[in-house]
**Student:** 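Dropping a structure here in structure tokens format, bear with me for questions.
Hydrogens, waters and symmetry mates are skipped; everything else that's a heavy atom, side chains included, is used. Numbered from 1 within each chain, the chains take letters A, B, ... in sequence-line order.
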There are 2 protein chains.
Amino acid sequence: MGRWEPDARGRLAKAALELYGERGYEQTTVAEIAKRAGLTERTFFRHYADKREVLFAGSGELEDLFVRAVAGAPESAAPLDALALGLYAAAEMFADRRDFARRRHAVITGNAELMERELIKLASLSAALAGTLRHRGVPEPTASLAAEAGVAVFKVAFDRWIAAGEERPMAELTRESLAELKAVVSGG
Amino acid sequence: MGRWEPDARGRLAKAALELYGERGYEQTTVAEIAKRAGLTERTFFRHYADKREVLFAGSGELEDLFVRAVAGAPESAAPLDALALGLYAAAEMFADRRDFARRRHAVITGNAELMERELIKLASLSAALAGTLRHRGVPEPTASLAAEAGVAVFKVAFDRWIAAGEERPMAELTRESLAELKAVVSGG
């Protein structure tokens with residue numbers, strides 16, 4: 001690391017999302033992002049591999065956090081209860097990032113390649129969660145079904161959380177979505 | 001349509017899958033597929049837009065069938081029961097295609113671009129099912145959660161069905177996976 005830049009990473013992410021929204025993702029260059037953040041391109045590349053990485057750095061963080069929480073659940077926890085701990089850990093990570101998440105979502109849904117990458121990240125999360133459950137002794141196909149159900153709750157709660165006008169915290173929407181899943185699956 | 005070719009479409013699909021397996025998807029040309037099937041390139045293009053379409057033609061058919069079965073469920077059916085009708089309709093469509101499905105799966109998992117397209121098709125299926133449930137009067141987020149749960153059952157049952165050595169029909173694996181989902185969600 002070179003010269004210390006207070007929250008360079010956060011400033012770069014904020015500048016990037018602003019520019020993606022204003023000019024479009026394809027049209028924005030790393031040079032422009034660095035300039036908007038008042039930093040150099042060199043500093044940009046110390047924090048992100050490329051302009052796409054600004055949008056997906058959080059996905060790796062999310063997977064780590066989610067999986068760690070599931071892995072650390074009490075041994076006696078049922079699969080869905082272990083997943084719930086992961087969901088709440090994820091909700092906490094998102095807590096103060098709603099504005100960023102909304103801007104990011106708008107950029108991603110406007111670009112097929114980014115949308116594909118988003119789907120791959122979710123599939124990777126589901127596979128990692130299934131693996132963690134198997135490691136906890138949950139047999140297949142239960143592990144995969146539980147993991148898919150957990151990711152479904154995450155997706156639905158996340159979509160509600162970033163909806164225009166929504167002000168309730170992600171944790172509350174997660175709790176509601178989990179309850180809805182239980183109701184619809186047991187009612188069917 | 002020109003000259004009648006008995007089951008040209010099926011012969012082309014079979015030839016394509018053989019070649020994708022032998023030479024790799026990227027290395028196979030439409031000319032080679034037509035030749036292997038004993039047909040012309042012109043006939044190929046009457047049936048498929050390109051060599052990728054051979055792998056994904058069934059995905060559109062699956063979505064139509066699945067959605068139609070859910071839409072046609074009795075008005076009184078709970079969301080998951082309506083989805084179950086779609087799942088069994090899908091299982092019936094697959095019944096005699098296990099060999100094709102296994103070869104197709106091997107090709108797709110070996111190519112990142114095809115894998116992305118597969119994920120998009122599943123996301124599209126989930127969105128279509130959620131829309132169908134809303135149309136039946138199911139409110140959000142229940143509609144999206146139920147649709148995601150239904151697609152999860154489909155994915156898990158399908159993966160089991162194409163696993164090496166598996167001989168049970170897709171309908172049976174679907175029934176088991178549905179029961180497993182109910183058990184894991186209500187047990188959590």
Side-chain angles (χ1 to χ4, degrees), chain A residues 73 77-85 87 109 112-124 126-127 130 133 138-161 163 166 173-174 176-188, chain B residues 73 77-85 87 109 112-124 126-127 130 133 138-161 163 166 173-174 176-188:
Chain A
L80 204 70
D81 290 334
L83 286 168
L85 292 177
L87 285 164
T109 52
E113 193 205 315
L114 297 175
M115 200 65 225
E116 285 164 5
R117 191 164 179 85
E118 182 82 332
L119 290 172
I120 286 172
K121 292 283 183 178
L122 285 169
S124 155
S126 180
L133 290 175
V138 180
E140 285 294 357
T142 306
S144 288
L145 281 163
E148 290 281 346
V151 172
V153 168
F154 171 73
K155 278 160 71 173
V156 168
F158 185 82
D159 283 348
R160 295 173 75 192
W161 181 65
E166 180 58 65
L173 296 166
T174 298
E176 269 190 29
S177 299
L178 250 174
E180 282 286 347
L181 176 75
K182 289 185 192 192
V184 77
V185 167
S186 62
Chain B
L80 204 70
D81 290 333
L83 287 168
L85 292 178
L87 285 163
T109 51
E113 194 205 315
L114 298 175
M115 199 64 226
E116 285 165 5
R117 191 165 179 83
E118 181 83 332
L119 290 173
I120 286 172
K121 293 282 185 181
L122 285 168
S124 156
S126 178
L133 290 175
V138 179
E140 285 295 357
T142 305
S144 289
L145 281 163
E148 291 281 346
V151 172
V153 168
F154 171 73
K155 278 159 72 173
V156 168
F158 184 83
D159 283 349
R160 294 171 74 191
W161 180 64
E166 180 58 63
L173 297 165
T174 298
E176 269 191 29
S177 299
L178 251 175
E180 283 286 348
L181 175 75
K182 289 183 192 192
V184 77
V185 166
S186 61

**Student:** Please name the pair of heavy atoms, one in B:Pro141 and one in A:Val156, separated by the smallest distance, quoted to 0.1 Å.
**Tutor:**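 Residues B:Pro141 and A:Val156, closest heavy atoms: CB-CG1, 3.5 Å.
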**Student:** So A:Glu116 and B:Leu119, side-chain contact (heavy atoms from CB on, under 4.5 Å) or not? Walk me through it.
**Tutor:** CA-CA 8 Å; A:Glu116 285 164 5; B:Leu119 290 173; over 6 Å; no
**Student:** I need the minimum non-hydrogen distance between B:Lys182 and A:Val185, along with the two atoms involved.
**Tutor:**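 Nearest heavy atoms, B:Lys182 then A:Val185: CA-CG1, 3.6 Å.
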**Student:** Between B:Val138 and chain A, which part of the residue has a heavy atom less than 4.5 Å away: side chain, backbone, both or neither?
**Tutor:**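 Contact with chain A: none, neither part.
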**Student:** Mind listing the closest non-hydrogen atom pair of B:Val184 and A:Ala146 along with its distance?
**Tutor:**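 Heavy-atom minimum between the residues: CG2-CB, 3.8 Å.
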**Student:** So, taking the atom named OG in A:Ser126 and the one named NZ in B:Lys155, what distance separates them when rounded to the nearest 0.5 Å?
**Tutor:**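 Rounded to the nearest 0.5 Å, the OG-NZ separation comes out at 5.5 Å.
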**Student:** Between CD of A:Glu118 and CD1 of B:Ile120, what distance do you get to the nearest 0.5 Å?
**Tutor:**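 Between A:Glu118 CD and B:Ile120 CD1, I get 12.0 Å after rounding to 0.5 Å.
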**Student:** Where do B:Ala78 and A:Gly187 come nearest, in terms of heavy atoms and distance?
**Tutor:**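 That would be CB-O, 3.4 Å.
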**Student:** State the CG-CG distance between A:Leu181 and B:Leu181, to the nearest 0.5 angstrom.
**Tutor:**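 It comes to 7.0 Å.
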**Student:** Between B:Glu140, B:Glu148, B:Met115, B:Arg117, which residue shows the highest count of heavy-atom pairs closer than 4.5 Å to chain A?
**Tutor:**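 Ranked by heavy-atom pairs under 4.5 Å with chain A, first place is B:Glu148.
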**Student:** With only heavy atoms counted, which part of B:Ala123 is less than 4.5 Å from chain A, the side chain, the backbone, both or neither?
**Tutor:**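 Only the side chain of B:Ala123 comes within 4.5 Å of chain A.
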